[in-house]
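These numbers were taken from a predicted model, which means no experiment stands behind them.
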Amino acid sequence: MTEKPGQQTQVPSLAYVTRPGLERLVVQNLGLNLVTLWFYRFWAKTRWRRHIWSNVSLLGDPIEYTGTGAEMFKGFLVALAVLAPVFILFNLWQFAVSDSDIGLLIEQIIYFVTLYFLIVAARFYARRYRLSRTRWRGIPLALDARFLDYVKIHFTQYGLALLTLFLLWPRASLNVEAW
């Protein structure tokens with residue numbers, strides 16, 4: 001795009017405008033979380049995101065969050081359905097090899113790698129969910145990336161950071177986020 005002499009280029013503006021109601025929202029969410037023993041947290045997070053997203057505007061139009069607490073609760077149940085068998089399996093394995101130091105060491109290494117992989121997956125799918133429930137000017141956002149591509153970039157970048165004794169950790173974080 002070429003500029004004509006004397007013409008100014010419009011820079012996309014991103015603004016955060018504080019709207020009233022945040023304090024009341026925090027108190028309500030805290031109260032409902034306490035009463036429900038934190039069961040309300042999914043709906044509280046939804047209300048929080050709706051408030052924060054509505055305060056952010058891009059080119060003068062607010063961003064909208066369309067997710068629901070019920071969707072987040074279902075996601076929690078799916079995560080629980082995946083994690084419960086994994087933890088049960090590792091506890092059984094640990095019980096079976098409790099007499100063997102080598103068996104316990106192998107179990108702990110596999111447990112750590114599995115848990116780390118699940119955390120990476122949770123971060124990816126949480127970001128994908130948030131983006132798919134965000135709209136701007138009625139246009140839904142999306143994350144069209146593949147999970148395995150994310151895993152590859154994540155492990156490559158953080159592996160390099162580990163090899164450099166965490167010297168490249170900030171660079172790795174930026175590269176993974178930029179991806």
Side-chain angles (χ1 to χ4, degrees), residues 25-26 28-53 56 63 65-134 140-179:
L25 179 66
V26 168
Q28 284 177 344
N29 283 345
L30 178 62
L32 287 167
N33 273 325
L34 289 172
V35 168
T36 63
L37 302 175
W38 255 249
F39 180 75
Y40 184 74
R41 70 182 172 272
F42 308 104
W43 291 267
K45 190 172 276 194
T46 297
R47 290 177 67 197
W48 174 265
R49 284 180 182 165
R50 282 198 180 132
H51 182 81
I52 297 298
W53 263 241
V56 176
I63 296 173
Y65 180 73
T66 61
T68 66
E71 288 175 335
M72 291 175 63
F73 179 65
K74 288 177 190 172
F76 168 75
L77 292 178
V78 168
L80 196 61
V82 168
L83 290 177
V86 168
F87 288 133
I88 290 170
L89 182 68
F90 277 111
N91 281 330
L92 290 174
W93 186 3
Q94 190 174 29
F95 180 73
V97 297
S98 61
D99 295 336
S100 168
D101 290 338
I102 298 288
L104 283 174
L105 178 65
I106 292 170
E107 184 266 337
Q108 289 297 313
I109 291 170
I110 293 174
Y111 179 79
F112 173 76
V113 169
T114 302
L115 194 58
Y116 189 76
F117 183 79
L118 289 172
I119 289 169
V120 169
R123 289 183 65 200
F124 175 81
Y125 287 109
R127 173 167 293 154
R128 186 166 139 177
Y129 171 79
R130 281 191 307 271
L131 282 173
S132 70
R133 299 305 186 266
T134 301
L141 303 181
L143 178 61
D144 287 338
R146 291 182 4 189
F147 172 64
L148 292 178
D149 293 338
Y150 178 76
V151 168
K152 187 167 73 173
I153 191 78
H154 181 90
F155 282 102
T156 301
Q157 291 298 315
Y158 286 109
L160 287 172
L162 187 63
L163 287 174
T164 61
L165 302 176
F166 303 102
L167 186 64
L168 293 179
W169 192 269
R171 179 181 171 269
S173 296
L174 286 173
N175 287 341
V176 169
E177 291 301 316
W179 174 89

Partners of [X] by side chain to side chain contact (heavy atoms under 4.5 Å, CB included), sequence neighbours excluded?
X	value
Phe39	Thr36, Trp43, Phe73
Ser100	Ile102
Ala96	none

Which residues pass the side chain to side chain donor-acceptor pair (under 3.5 Å) test with Gln28, not counting sequence neighbours?
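Gln28: side chain to side chain donor-acceptor pair (under 3.5 Å) contacts with Arg47.
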Glu107 meets the side chain to side chain donor-acceptor pair (under 3.5 Å) criterion, sequence neighbours left out, with none
Taking ring-ring contact (aromatic ring centres under 6.0 Å, His included) as the definition, give me every residue that meets it alongside Trp38, ordered by chain and number, with sequence neighbours left out.
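Counting only residues at least two positions away or on another chain, Trp38 forms no ring-ring contact (aromatic ring centres under 6.0 Å, His included).
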Residues two or more places apart in sequence or in another chain: which of them pass ring-ring contact (aromatic ring centres under 6.0 Å, His included) with Tyr65?
Trp53
Anything under 3.5 Å between a donor and an acceptor, one on a side chain of residues 113-121, the other on a protein residue two or more places apart or in another chain? List them.
residue : atom : partner : partner atom : Å
Thr114  : OG1  : Ile110  : O            : 2.7
Tyr116  : OH   : His154  : NE2          : 2.8

Pairs in or reaching into [range]: which pass salt bridge (charged side-chain N to carboxylate O under 4.0 Å, His left out), with residues at least two apart or in two chains?
range	result
residues 114-127	Arg123-Glu177, Arg127-Glu177
residues 158-167	none
residues 147-159	Arg146-Asp149

Are the side chains of Met72 and Arg133 in contact, using a 4.5 Å heavy-atom criterion?
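Arg133 does not reach Met72 side chain to side chain.
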Within this structure, what is the CD1-CG distance for the pair Ile109 and Leu104, rounded to the nearest 0.5 Å?
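One finds 11.0 Å between CD1 of Ile109 and CG of Leu104.
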Over 12 non-hydrogen atoms of neighbours within 6.0 angstrom of CH2 in Trp93
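Result for CH2/Trp93: enclosed.
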So which pairs with a foot in residues 159-174 pass side-chain hydrogen bond (donor to acceptor under 3.5 Å, both in side chains), sequence neighbours left out?
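Listed by first then second residue: Tyr158-Ser173.
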